[in-house]
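Just the heavy atoms: all of them, side chains too, but no hydrogens, waters or symmetry mates, feed the values below. Along the sequence shown, the residues carry numbers beginning at 1.
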Amino acid sequence: MCVCGVEREQAEHVVWLIIRPSPGLWSLTRLLSKMLSDSEAKELLSFLRPETRADVKGQATEYILGLTGNRDGCHYLRTKPDFLKALLTLTADPSIAIVKDCYHALINLSADETLHKPLVKETTILPTLFHNLLEPEYMFADRVCTVLTNLSRHEATCKEVFRTLQEQEISLAKIVEILCTEGFNKTASLHYLGPLLSNLTQLPEARQFILDKERCVIQRLLPFTQYEASVTRRGGVVGTLRNCCFDHAHHEWLLSDAVDILPFLLLPLAGPEELSEEENEGLPVDLQYLPEDKTREEDPDIRKMLIETLLLLTATKTGRQIMKERNVYPIMREFHKWEKEPQVISACEKLVQVLIGDEPEAGMENLMEVDIPEDVEQKLKDMDAKEQEQIEKEKQELLKQEKHLSTSPEGLER
């Protein structure tokens with residue numbers, strides 16, 4: 001992703017300053033008007049030094065920012081590690097404008113997967129970012145979180161991020177503590193710590209920490225499934241919970257009173273519909289007799305992740321039994337009636353099939369440990385592909401209907 005407002009044509013980066021131009025500024029202005037040769041790149045790099053005049057340095061960083069706004073520019077910088085190092089160095093510049101440009105450039109670069117290895121290997125970016133993140137008054141901490149989140153999306157660099165976290169003697173406990181401490185940084189929201197934690201838990205060692213029964217980490221995260229202040233933080237925490245549920249050995253503990261994960265996953269999916277007395281009594285207490293103004297999770301991606309987490313918890317026989325005993329089905333039945341997004345509906349239907357279906361035959365109780373023959377696996381993949389195709393058709397049809405409603409006379413009424 002490119003930061004909104006960052007992607008601009010290179011020609012727009014010539015800033016004419018009402019000052020007496022120095023020879024360096026004239027030289028820089030010439031560089032900005034054309035593509036860079038190796039000698040010109042070397043000259044531009046000379047302007048990206050802490051001791052350079054602020055106006056010249058500002059034009060240079062703005063030009064680099066423009067390069068990062070498109071794929072060709074990012075690929076060019078991939079071969080220029082000295083520029084990457086210079087950008088990182090200038091995140092400590094006295095000029096706020098220059099620091100902003102440098103962080104925006106790093107966000108754009110880290111959004112390109114092909115830049116991950118050069119950024120991590122050729123610079124000291126990870127230790128620098130973690131050091132700044134831990135400063136409670138660091139005003140660019142949100143940008144730090146975004147870069148770290150981008151760099152941890154894929155497993156290879158995610159391992160580097162996690163390794164650096166440990167080498168800097170910053171435990172995952174500290175990241176969780178900052179995430180759970182509202183107002184840790186007075187100038188930054190730090191909402192992107194949620195997606196960062198979600199990315200880190202793609203690694204077994206990170207999940208092992210979150211699922212440590214002695215630490216009570218996952219219990220601290222559960223309330224954020226209903227965190228209204230930020231869809232980013234909320235989605236990140238739900239993604240973390242989903243990743244943790246891939247470790248089926250912990251399912252019984254997660255569903256027990258020690259953690260009680262079920263109400264935190266179900267409540268965002270529950271609506272104001274009236275259930276029967278019998279259905280209400282079987283539900284967890286927090287889901288019984290919900291008020292008429294009860295609303296559901298507004299973000300479809302988060303709704304889908306919540307359902308996928310519930311589906312993972314049905315992988316074991318114990319998990320299925322507990323979820324059937326706690327009347328998960330009526331909540332999902334009403335949710336299915338309400339949901340409009342095809343992909344979310346599909347996930348809901350898979351969960352319902354497990355909840356109302358018969359138990360698997362002996363030896364197949366744990367669905368995560370079942371060996372699937374290659375021919376059956378291929379058939380399942382083909383079915384998934386057809387299902388995705390159908391979902392896409394339904395999604396396009398839904399978009400057409402919404403567009404028609406918005407342009408029809410009834411839809412235009414105020």
Side-chain angles (χ1 to χ4, degrees), residues 1-8 48 50 54-55 57-58 60-62 64-66 68-69 84-111 119 123-153 161-162 164-165 168-200 217 220-221 223-224 226-240 299:
M1 64 176 179
C2 289
V3 176
C4 183
V6 168
E7 188 169 351
R8 291 170 282 183
L48 294 168
D55 51 352
K57 190 166 44 180
T61 54
E62 191 178 357
I64 296 298
L65 174 58
T68 68
L84 304 179
K85 293 174 185 176
L87 282 174
L88 184 63
T89 299
L90 290 179
T91 58
D93 197 82
S95 167
I96 291 177
I98 288 174
V99 176
K100 281 182 178 178
D101 278 354
C102 289
Y103 270 121
H104 282 168
L106 289 171
I107 288 171
N108 288 346
L109 290 168
S110 63
L119 280 168
T123 71
T124 58
I125 190 169
L126 293 177
T128 302
L129 292 178
F130 279 122
H131 172 77
N132 292 337
L133 178 63
L134 295 180
E135 290 293 329
E137 297 181 3
Y138 191 65
M139 66 185 299
F140 300 103
D142 281 334
R143 292 172 174 85
V144 169
C145 285
T146 305
V147 177
L148 285 170
T149 299
N150 283 346
L151 290 175
S152 59
R153 280 181 304 158
V161 172
F162 190 70
T164 303
L165 193 68
Q168 297 295 308
E169 297 183 353
I170 307 165
S171 67
L172 202 54
K174 185 64 177 178
I175 300 299
V176 172
E177 181 186 340
I178 296 174
L179 172 68
C180 296
T181 305
E182 197 140 14
F184 173 84
N185 188 316
K186 298 296 188 294
T187 60
S189 68
L190 302 180
H191 293 320
Y192 270 91
L193 281 178
L196 172 60
L197 188 62
S198 178
N199 289 348
L200 290 172
V217 176
R220 295 186 68 184
L221 295 174
F224 287 94
Q226 299 167 77
Y227 184 75
E228 295 182 359
S230 169
V231 66
T232 301
R233 187 180 297 223
R234 191 167 71 245
V237 169
V238 172
T240 300
D299 186 273

Step by step, would you call Leu179 with Leu190 a side chain to side chain contact (heavy atoms under 4.5 Å, CB included)?
CA-CA 7 Å; Leu179 172 68; Leu190 302 180; over 6 Å; no

Do you know the tightest heavy-atom contact between [X] and [Y]?
X	Y	result
Cys102	Leu90	SG-CB, 3.5 Å
Asn150	Ala111	ND2-N, 3.7 Å
Thr68	Ala105	OG1-CA, 3.7 Å
Ser198	Gly236	CB-O, 3.3 Å

Does [X] use its side chain to pair, donor to acceptor, with the backbone of [Y] at less than 3.5 Å?
X	Y	value
Arg143	Leu106	no
Arg234	Gly194	no
Arg220	Val217	no
Asn199	Thr149	yes
Thr123	Leu84	no

Taking the side chain as every heavy atom from C-beta outward, state whether Leu119 and Ser110 have any pair of such atoms under 4.5 Å apart.
yes

Interatomic distance, [X] atom [atom1] to [Y] atom [atom2] [nearest 0.5 angstrom]:
X	Y	atom1	atom2	result
Leu193	Leu197	CG	CG	8.5 Å
Ile107	Thr146	CD1	OG1	4.5 Å
Asp142	Thr187	CG	OG1	8.0 Å
Gln168	Leu126	CD	CG	9.0 Å
Cys180	Arg233	SG	CZ	8.0 Å
Thr91	Ile98	OG1	CD1	11.5 Å

For Phe224, what residues pass the ring pair (Phe, Tyr, Trp, His ring centres under 6.0 Å) criterion, not counting sequence neighbours?
Tyr227

Can you give me every donor-acceptor pair (side chain of residues 130-139, partner residue at least two apart or in another chain, under 3.5 Å) with its distance?
unit_1: Asn132; atom_1: ND2; unit_2: Tyr103; atom_2: OH; d: 3.2
unit_1: Asn132; atom_1: ND2; unit_2: Thr128; atom_2: O; d: 3.4
unit_1: Tyr138; atom_1: OH; unit_2: Tyr103; atom_2: OH; d: 2.7

Side chain to side chain contact (heavy atoms under 4.5 Å, CB included) with His104: which of Leu87, Leu109, Leu65?
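Exactly one candidate clears the test, Leu65.
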
